[in-house]
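Positions are given from 1 along the sequence.
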Amino acid sequence: MSEYFTIPEIKYEGPASTNPFSFKYYNKDEIIAGKTMAEHLRFSMCYWHTLCADGTDMFGIGTIDKSFGATDPIEIYKQKVYAGFEMMNKLGIEYFCFHDRDIAPEGASLADFQKNLDIIVPIIKEQMEKYGIKLLWGTANCFSRARYMHGAATSPYADAFAYAAAQIKKAIDITIELGGKGYVFWGGREGYETLLNTDMALENDNYARMLKLAVSYARSKGFDGDFYIEPKPKEPTKHQYDFDSATVLGFLFKYGLLDDFKLNIEANHATLAGHTFEHELRICRINGILGSVDANQGDNHLGWDTDQFPTNIYDTTYAMYEILKAGGFKYGGLNFDAKTRRGSNTMEDIFLAHIAGMDAFALGLRNAVKLIEDGRIDKFIEERYSSYASGIGKDIVDGKATLESLSDYALSLTEDVKPESGRQEYLESIVNSVIFS
């Protein structure tokens, strides 16, 4: 079989290299903080943007052909498999992620769709074995088609709920067959446009019912991995029930789902919620629910999900700082849920974009390790909260204080409380000095 890309295997050449088709910072076998860089980062190619998205937007048709030389629908998807695995092999990416609609044509019916999936999945499995590439997670696209106009699990129509359940069942089967250890729910239309036509209580209850059905089925089939929910505040619906990490945490707690679910955090979704990437990761870290990450970035001048490849080194540094502090990934990784810009419409651009993203997170990893080893930030935080290590503060932490004892203590103080400086600018200068040293 001839190659799809006239691009050589991408190798590490170091920061001084001017070869655009080389890694400057990602040296996959280099040991850093006790693991190889590849083990820390667990890079994953997203099937949908990389092999399917053609640059179409609301103002214009596609700008890049991703039929890979085929014309028949099923043949096109076969070629996507071969092209995708060649690309991952040349980039040294060891994982991939998919929606069901990414890997096979839907056909005229649900039965047709499942038959087409049964044709493509063995080819994917064969290529996985050939290249030693693994599945990070799978999912079902329960948001694109008109049947899901008002949601899938949260639809007012039980038939839509049932159709989504069928898709999810099949996607779980495929995930298990391909050895995936993660299954993601992104509630693409699990939300509302107006409360005037919405039974919010029933919709949330039904969303939880679908999640419980999925867990029950997957566990019965021997799936021992993690389920993920991917928070997103808006777009396509005005308000989505998985608004941000804190909202999802409350939802999982209410419905008793914390034992099976963790979160898949996307950088661009964090900024759409008015948060930073590291904020969402910190919420997950301190609550033990960090599962996986969609590695991308948005444009602060645009109010929608632009899914750009990550190149902001501060973002990747702070992200890897949180991920390392959380103990790293178990089953998850860094999935490039990112697409080249509409005007970057060549196959070379797709390689260059992945190289840029992989180098950005490799540099972020290096910086995060240096920040942790430097220790000044940790020391500053420890000292800032030192009043809780003894005296009345320790009583508060240990649960010994009462409202009465705290009141008596406050009345005994002879001076007003005088908080010390938070020294934000100083801490930011530490970050700069460590990164650029």
Side-chain angles (χ1 to χ4, degrees), residues 46 48-49 97 99 137 139 142-143 151-154 182 184-195 198 200 203-204 207-208 211 226-255 257-258 261-312 314-323 325-326 332 334-339 357 360-361 364:
C46 85
W48 51 101
H49 287 322
C97 300
H99 300 82
W137 52 254
T139 188
C142 296
F143 48 87
T154 61
V184 169
F185 287 87
W186 173 56
R189 297 191 189 276
E190 313 294 23
Y192 66 83
E193 302 292 350
T194 174
L195 287 172
T198 302
M200 184 188 282
E203 290 196 1
N204 275 273
Y207 194 17
L211 299 180
D226 286 332
F227 291 89
Y228 306 131
I229 290 182
E230 181 176 321
K232 186 178 184 181
K234 55 187 174 182
E235 190 220 55
T237 61
K238 182 174 73 173
H239 176 86
Q240 297 191 196
Y241 297 134
D242 49 6
F243 185 90
D244 63 3
S245 295
T247 303
V248 174
L249 177 62
F251 175 89
L252 294 175
F253 180 79
K254 175 182 177 180
Y255 290 103
L257 291 164
L258 279 170
F261 279 85
K262 298 189 185 313
L263 270 58
N264 183 69
I265 298 301
E266 179 176 320
N268 204 170
H269 292 180
T271 51
L272 286 176
H275 305 311
T276 60
F277 187 15
E278 61 267 26
H279 167 87
E280 291 292 270
L281 292 169
R282 178 72 63 92
I283 292 293
C284 291
R285 169 162 76 89
I286 65 176
N287 289 287
I289 55 172
L290 177 60
S292 197
V293 168
D294 274 10
N296 61 20
Q297 67 185 35
D299 188 320
N300 290 333
H301 297 283
L302 299 173
W304 61 86
D305 198 356
T306 55
D307 285 336
Q308 296 172 223
F309 273 87
T311 55
N312 185 306
Y314 285 101
D315 286 349
T316 61
T317 297
Y318 291 139
M320 290 310 304
Y321 182 87
E322 295 299 331
I323 291 166
K325 288 277 192 174
L334 294 170
N335 172 50
F336 286 115
D337 182 9
K339 56 190 174 186
F361 263 95

Inset, instruction - Mind jotting down which residue pairs meet the salt bridge (Lys or Arg N to Asp or Glu O under 4.0 Å) criterion with at least one end in residues 264-287? Sequence neighbours excluded, please. - result: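 Only R282-E322, R285-E322 qualify under salt bridge (Lys or Arg N to Asp or Glu O under 4.0 Å).
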Do [X] and [Y] come close enough that some side-chain heavy atom pair is under 4.5 Å?
X: P231; Y: W186; answer: no
X: D242; Y: E190; answer: no
X: C142; Y: F185; answer: no

Legend entry - With K232 via salt bridge (charged side-chain N to carboxylate O under 4.0 Å, His left out) - residues at least two apart: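 Applying salt bridge (charged side-chain N to carboxylate O under 4.0 Å, His left out) to K232 gives E235, D305.
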Inset, instruction - Name all residues meeting the salt bridge (charged side-chain N to carboxylate O under 4.0 Å, His left out) criterion together with K254; count only those two or more places apart in sequence or in a different chain, and write none if there are none. - result: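 Applying salt bridge (charged side-chain N to carboxylate O under 4.0 Å, His left out) to K254 gives none.
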Inset, instruction - Nearest 0.5 Å please: distance from the CG atom of L334 over to the CG atom of D294. - result: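 Rounded to the nearest 0.5 Å, the CG-CG separation comes to 9.5 Å.
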Determine whether a donor-acceptor pair (N or O, by modelled atom type, separation under 3.5 Å) exists between the side chain of [X] and the backbone of [Y].
X: N335; Y: V293; value: no
X: T198; Y: T194; value: yes
X: N296; Y: N268; value: yes
X: N312; Y: Y314; value: yes
X: T139; Y: V184; value: yes

Inset, instruction - Could you go through the side-chain contact (heavy atoms from CB on, under 4.5 Å) check for T276 and T271 one step at a time? - result: CA-CA 6 Å; T276 60; T271 51; over 6 Å; no
Legend entry - Chi angles and distances behind the ring-ring contact (aromatic ring centres under 6.0 Å, His included) call for Y207, F251: CA-CA 10 Å; Y207 194 17; F251 175 89; 5.5 Å; yes
Inset, instruction - Go through the steps for F227 and K262 under the test side-chain contact (heavy atoms from CB on, under 4.5 Å), then give the verdict. - result: CA-CA 6 Å; F227 291 89; K262 298 189 185 313; over 6 Å; no
